[in-house]
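Counting begins at 1 with the first residue of the sequence.
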Amino acid sequence: SIAVPPPGGTVREAPAPAAGGQVTLTATDAVWVRVYDAKDNTLYMREMAKGDRYDVPPDADTPMINIGRPDKLAVTVNGSRVAPLGDGRVALKDVPVGAAALLARGVPAPPPGATR
């Protein structure tokens with residue numbers, strides 16, 4: 001005989017992946033950074049030295065960044081690099097740095113000539 005699951009079944013759908021995650025900003029050179037929330041409350045503001053790191057609070061309300069040289073900042077979500085915030089030609093303001101917003105940007109493109 002064949003076992004038939006009861007009505008309503010025992011099959012459960014896997015939960016959707018959380019849109020959240022730990023965002024880490026790491027300076028690749030000296031760079032001035034301000035991270036703030038939707039109410040313009042400063043969460044972090046300083047000139048970072050090469051190697052300095054800042055973990056954006058996961059519960060921050062729509063965290064955004066103001067940065068003079070976005071090319072001097074490596075951005076990761078849960079340890080995986082995401083696309084750069086900018087190329088450094090212009091300063092950036094009001095750029096979202098929450099996990100969901102950064103993940104929507106995608107991953108960085110490989111350098112020219114790189115093979116996978």
Side-chain angles (χ1 to χ4, degrees):
S1 75
I2 299 173
V4 177
T10 56
V11 177
R12 294 183 182 185
E13 290 186 31
Q22 181 57 62
V23 174
T24 302
L25 310 174
T26 305
T28 60
D29 203 344
V31 61
W32 183 87
V33 174
R34 176 179 178 239
V35 178
Y36 47 99
D37 67 14
K39 294 182 178 148
D40 203 31
N41 295 314
T42 298
L43 305 173
Y44 180 83
M45 184 169 63
R46 68 179 286 190
E47 183 171 342
M48 299 173 78
K50 183 177 181 177
D52 283 355
R53 293 175 41 151
Y54 172 68
D55 291 328
V56 177
D59 60 349
D61 179 15
T62 316
M64 290 176 277
I65 194 168
N66 181 354
I67 183 169
R69 292 291 310 268
D71 58 321
K72 303 297 181 190
L73 196 67
V75 182
T76 60
V77 178
N78 295 329
S80 297
R81 282 190 78 144
V82 295
L85 298 176
D87 60 13
R89 293 182 188 154
V90 296
L92 300 177
K93 185 174 182 182
D94 299 334
V95 174
V97 290
L102 291 171
L103 291 171
R105 295 173 63 90
V107 296
T115 57
R116 290 192 169 196

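Here the closest heavy-atom approach between residue A49 and residue A27 is recorded as O-CB, 3.3 Å. When all heavy atoms of R89 and D87 are compared, the pair lying nearest together is N-OD1, 2.9 Å. Across all their heavy atoms, V77 and A99 have their closest contact at CG1-CB, 4.0 Å.
Surrounding CZ of R53 are at most 12 heavy atoms belonging to other residues, nucleotides or ligands under 6.0 Å away.
A donor-acceptor contact shorter than 3.5 Å links the side chain of T28 to the backbone of K72.
A side-chain contact (heavy atoms from CB on, under 4.5 Å) with Y54 is found for one member of V33, L43, V23, L73 and no other, namely L43.
Atoms OG1 and CZ, from T76 and R81 in turn, are 8.5 Å apart once rounded to the nearest 0.5 Å.
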Using residues 55-69 as the side-chain source, report each donor-acceptor pair under 3.5 Å to any protein atom, sequence neighbours left out, with the distance given to one decimal.
from : atom 1 : to  : atom 2 : distance (Å)
D55  : OD1    : T24 : OG1    : 2.7
R69  : NE     : D71 : OD1    : 3.1
R69  : NH2    : D71 : OD1    : 3.4
R69  : NH2    : D71 : OD2    : 2.7

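Two different hydrophobic clusters hold L25 and W32 under the rule that ILVMFWY side chains link at heavy-atom gaps under 4.5 Å.
Judged as a side chain to side chain donor-acceptor pair (under 3.5 Å), the pairs with a partner in residues 94-107 (not counting sequence neighbours) are, in order, Y36-D94.
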